[in-house]
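Here is the structure we will look at.
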Amino acid sequence: QVQLVESGGGLVQPGGSLRLSCAASGTSFRINGMAWYRQAPGKERELVAFITSSGMTNYADSVKGRFTASRDNAKNTMFLQMNSLNSEDTAAYYCKMNILSWGSSVSTRDYWGRGTAVTVSS
């Protein structure tokens with residue numbers, strides 16, 4: 001089974017920056033689309049950014065111009081560069097990858113990471 005691990009979260013001051021990473025590990029797989037979600041306390045989980053296999057991106061209106069998603073296909077890794085952070089960005093951030101895997105059988109499904117916490121506070 002493919003596993004996703006997020007990293008890079010932490011405490012940052014308003015106006016600061018963080019860079020999140022999400023790495024997929026396993027064998028015999030190819031990543032299609034990737035996405036970042038976030039969930040603040042008491043709020044619904046929301047889509048933050050999406051990036052296609054070719055690197056084309058789309059962002060939630062709340063983060064456009066501040067966040068940048070990217071991917072390193074050779075390392076099966078997705079990144080989220082977050083700039084000009086404010087208190088509204090405080091949340092647990094989750095990565096999701098749509099993955100084609102093969103071996104004993106072929107399947108395509110979404111995989112989720114466990115999340116990494118981002119806290120924006122002075």
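For the single chain, residues carry numbers from 1 onward in sequence order.
Side-chain atoms of Asp110 and Met97, non-hydrogen and from C-beta on, never get closer than 4.5 Å to each other. Counting only heavy atoms from C-beta outward, the side chains of Ser17 and Gln81 approach each other to under 4.5 Å. Trp36 is not listed as a side-chain neighbour of Ile51, based on a closest heavy-atom distance of 4.5 Å or more. The closest side-chain heavy-atom distance from Phe50 to Met34 is not below 4.5 Å. Contact check for Asn98 versus Thr108: side-chain heavy atoms found under the 4.5 Å cut-off. Side-chain contact between Arg30 and Trp102 is present, with at least one heavy-atom pair separated by less than 4.5 Å. When side chains are defined from C-beta on, Asp89 counts as touching Arg66, because their heavy atoms get closer than 4.5 Å. In this structure, the side chains of Val118 and Leu20 come closer than 4.5 Å at one or more pairs of heavy atoms.
A donor-acceptor pair under 3.5 Å is absent between the side-chain atoms of Thr90 and the main chain of Thr119, judged by distance alone. A donor-acceptor distance shorter than 3.5 angstrom exists from the side chain of Arg71 to the backbone of Thr52, with no hydrogens or angles considered.
Note that the CZ atom of Arg114 and the SG atom of Cys95 stand 12.0 Å from one another [nearest 0.5 Å]. Once rounded to the nearest 0.5 Å, the distance linking CE of Met82 with CZ of Phe67 reads 5.5 Å. With rounding to the nearest 0.5 Å, the separation of CG in Asn32 from OG in Ser53 is 6.5 Å. From Tyr93, atom OH reaches atom OH of Tyr37 across 14.5 Å, with rounding to the nearest 0.5 Å. In this structure, NZ in Lys75 is found 10.0 Å from OG in Ser21, a value given to the nearest 0.5 Å. Note that CZ of Phe29 and OG of Ser107 are 12.0 Å apart. Values are rounded to the nearest 0.5 Å.
Both tests pass for Arg45 against the ring of Tyr94: distance under 6.0 Å to the centre and angle within 45° of the axis.
Tracing side-chain contacts under 4.5 Å through hydrophobic residues (I, L, V, M, F, W, Y), one never reaches Phe79 starting from Ile31; they form parts of separate clusters.
In plain terms, the two heavy atoms of Tyr111 and Ser101 that are nearest each other are OH-OG, 4.4 Å. Listed here is the closest heavy atom pair of Gln39 and Lys43: NE2-O, 3.1 Å. Listed here is the closest heavy atom pair of Thr57 and Ala69: CG2-O, 3.7 Å. Considering every non-hydrogen atom in both Leu47 and Ala60, the closest pair reads O-CB, 3.4 Å. Shown here for Ser122 and Pro14, the closest heavy-atom pair between the two residues is N-CD, 3.7 Å.
The side chain to side chain contact (heavy atoms under 4.5 Å, CB included) test with Leu18 is passed by exactly one of Leu80, Leu85, Leu11: Leu85.
Under a 4.0 Å N-O distance rule, the pair Glu46/Arg38 qualifies as a salt bridge.
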